[in-house]
Amino acid sequence: MTDLQSFLTQQREIFTANHDVSRTWAMNATAWRGGVPMHWMRDWATPFPLYVESAKGAKLTVVDGHAYDDFCLGDTPSMFGHARPELAAAIAKQASEGVGFMLPTPLANEVGDLLRQRFGMDQWQVATTASDANRAVIRWARAITKRDKILIFDGCYHGMVDDCFVALYDGVAVNKKGLIGQVQDQTRTTKVIPFNDLPALAQALAVGDIAAVLAEPVMTNCGMIQPIDGFNERLRDLCTQHGTLLILDETHTLSSGLSGYTGAHDLKPDMFVVGKAIAGGIPAAVWGVTAEIAARMDTAQAEIGSGQSGIGTTLSGNALVMAAIKTMLTEVMTEEGYKHMLRGAAYLVAGLRDVIKRHDLPWSVVHVGARAELIFAPQPPKNAEAMRWHLDHDLLEVFHLYLINKGVLIAPFHNMMLISPQTGFDAIDRLVSAVASFSQELNA
């Protein structure tokens with residue numbers, strides 16, 4: 001047994017000894033496939049799931065009586081804090097008046113205007129998840145351009161969208177490994193290239209068969225990968241030059257500021273998607289388009305004629321969601337809230353970098369807005385292939401479990417850490433201290 005495996009075994013024993021109640025609940029969860037309602041709940045480093053009793057602000061309490069500093073925040077849906085009283089009041093009020101009618105309410109008009117003001121897109125639609133929103137914009141992009149193919153970046157994740165489950169392995173585009181039940185070869189209609197590779201981007205778009213590029217302005221799902229200087233601007237120019245639509249998925253980069261990374265960096269997408277936190281964790285996403293794209297959508301719709309579009313679900317845009325989105329945009333996702341988040345993120349990044357320097361660690365830190373990532377590489381990788389070399393599963397597992405045993409939660413997928421408007425600087429100090437002690441014990 002290696003030293004790292006011994007360290008992991010030790011941490012598992014510590015966790016198990018301190019979570020008898022969660023362990024009992026987990027043993028009795030036989031009705032759920034895999035023991036949980038959604039299989040991602042087993043992706044944490046723990047031997048069995050933590051069972052949550054309650055969460056408030058940036059604290060999460062489990063049935064074993066332990067309270068955790070929560071830097072995962074539901075992997076983004078609760079980015080602005082758990083159990084926000086403003087959101088709870090709005091949801092309760094709307095629930096007492098009805099939840100879903102498949103008809104708009106006057107509140108819907110307010111929400112549309114708020115989205116237009118906040119993010120700049122001229123026309124909007126609501127979906128139930130960012131996956132649904134991304135499917136919708138891909139379909140519309142194909143209808144508008146009359147092109148079949150889309151382009152994505154290696155290492156991306158845009159929800160449960162079949163078109164995006166393509167990756168590069170040894171430079172060859174293939175359907176992602178482990179994709180269950182897929183009967184279509186997605187590489188026929190999806191091109192995939194490395195992020196930050198402008199020559200590859202120019203070459204791919206020059207063929208003239210790409211309907212849309214679907215991208216995050218900063219990649220956040222294969223570790224965090226920042227764009228090289230000018231990449232997003234050149235991406236916009238190349239899309240315009242070759243008649244390709246640019247879709248920006250800001251589900252994670254919403255952490256950048258009031259109007260997301262797009263607003264903070266004056267980007268110009270044709271279509272814009274954001275999910276998860278937009279309704280404070282209530283299942284919802286929104287997608288918007290420019291006035292030009294809206295007009296082209298009208299033309300495409302007229303050419304096709306009436307009938308089932310295959311876009312949208314019965315639950316989308318319901319009254320409960322509208323109440324939640326309005327409350328988030330007006331009372332929670334405020335300028336003051338973002339100021340605290342960005343200050344906290346800067347404090348966290350400085351603390352982590354100080355640990356790296358003091359302990360001479362071959363690690364680095366990247367961040368976008370209120371989202372930070374500790375990377376087990378001396379320099380932040382610039383594409384997914386380079387990042388994969390440093391995603392050491394065993395090291396990640398013991399690191400995550402060690403933090404949990406110290407009372408700190410970060411996202412179970414790589415090393416993402418989020419700062420909410422309700423995250424205290426004392427909690428950030430505890431996280432940084434836990435990272436420092438982990439590095440010392442690891443080296444020992």
Side-chain angles (χ1 to χ4, degrees), residues 112-113 115-127 130-153 156 158-159 161 163-164 189-193 195 198 201-202 204-219 227 230-254 256-257 259-275 278 285-304 309-312:
D113 290 340
L115 289 169
R116 180 183 283 172
Q117 294 161 13
R118 176 72 68 107
F119 300 111
M121 297 288 104
D122 189 67
Q123 290 192 358
W124 291 86
Q125 286 281 273
V126 178
S131 298
D132 295 328
N134 282 322
R135 287 192 197 98
V137 292
I138 289 171
R139 293 275 297 278
W140 274 113
R142 286 170 168 157
I144 289 170
T145 62
K146 296 180 171 59
R147 298 174 179 179
D148 295 337
K149 294 183 173 64
I150 65 165
L151 185 143
I152 60 172
F153 294 107
C156 73
H158 296 286
V161 180
D163 301 81
C164 299
T189 53
T190 299
K191 289 186 180 180
V192 56
I193 63 171
F195 192 62
L198 284 171
L201 177 64
L205 294 184
V207 179
D209 61 348
I210 303 296
V213 174
L214 174 58
E216 292 183 290
V218 176
M219 292 193 73
F231 179 78
N232 281 308
E233 291 75 15
R234 184 61 179 147
L235 169 60
R236 172 67 275 175
D237 291 343
L238 286 167
C239 284
T240 301
Q241 179 182 342
H242 297 292
T244 297
L245 304 186
L246 176 58
I247 306 165
L248 291 184
D249 180 353
E250 289 238 35
T251 296
H252 280 178
T253 54
L254 183 63
S256 300
S259 50
Y261 194 95
T262 292
H265 296 267
D266 195 29
L267 303 185
K268 304 294 183 183
D270 298 298
M271 296 171 151
F272 178 96
V273 172
V274 62
I278 194 67
V286 294
W287 57 275
V289 299
T290 64
E292 178 190 352
I293 297 303
R296 294 177 67 183
M297 290 167 68
D298 291 343
T299 300
Q301 184 73 68
E303 291 174 353
I304 294 169
S309 68
I311 295 173

Salt bridge flag under 4.0 Å for residues Asp163 and Lys149: no
Any Met271 side-chain heavy atom under 4.5 Å of Ile144 side chain: yes
SB check Asp266 Lys268 (cutoff 4.0 Å): yes
Any side-chain heavy-atom pair of Pro269 and Thr262 under 4.5 Å: yes
Pairwise distance CZ(Phe272) to CD(Glu250) - rounded to 0.5 angstrom: 4.5 Å
Within-4.5 Å side-chain heavy-atom neighbours: Leu254 and Phe119: yes
Parallel, tilted or perpendicular, as decided by the 30° and 60° cut-offs, for the rings of Phe153 and Phe195: perpendicular
For the student: nearest non-hydrogen atoms of Ser259 and Ala264, plus distance: OG-N, 4.3 Å
Heavy-atom closest contact (Thr145 atom, Gly243 atom, distance): CG2-O, 4.1 Å
Arg147 side-chain N/O to Gly208 backbone N/O, donor-acceptor pair under 3.5 Å: yes
Distance-minimising heavy-atom pair for Ala212 and Ala141: CB-CB, 3.7 Å
Criterion side-chain contact (heavy atoms from CB on, under 4.5 Å) against Thr190, the qualifying member of Ile150, Ile138, Ile210, Leu151: Ile150
Gap separating the CH2 atom of Trp124 from the CZ atom of Arg116, nearest 0.5 angstrom: 10.5 Å
Heavy-atom pair of closest approach, residues Leu205 and Cys239: CD1-N, 4.0 Å
Donor-acceptor contact present, side-chain Glu216 to main-chain His252, <3.5 Å: no
Closest non-hydrogen atom pair between Leu198 and Arg234, with its separation: CD2-CG, 3.5 Å
Side chains of Val289 and Trp140 in contact at under 4.5 Å (non-hydrogen atoms): no
Arg139 side chain vs Ser309 backbone, donor-acceptor pair below 3.5 Å: yes
Shortest non-hydrogen contact from Val161 toward Ser131: CG2-O, 3.5 Å
Asp270 side chain to Leu245 backbone, donor-acceptor under 3.5 Å: no
Arg236 side chain to Thr240 side chain, donor-acceptor N/O pair below 3.5 angstrom: yes
His158 NE2 to Asp249 CG distance, which is reported to the nearest 0.5 Å: 5.5 Å
OG1-CG distance between Thr253 and Leu248, expressed to the nearest 0.5 angstrom: 7.5 Å
Asp113 CG: over 12 foreign heavy atoms closer than 6.0 Å: yes
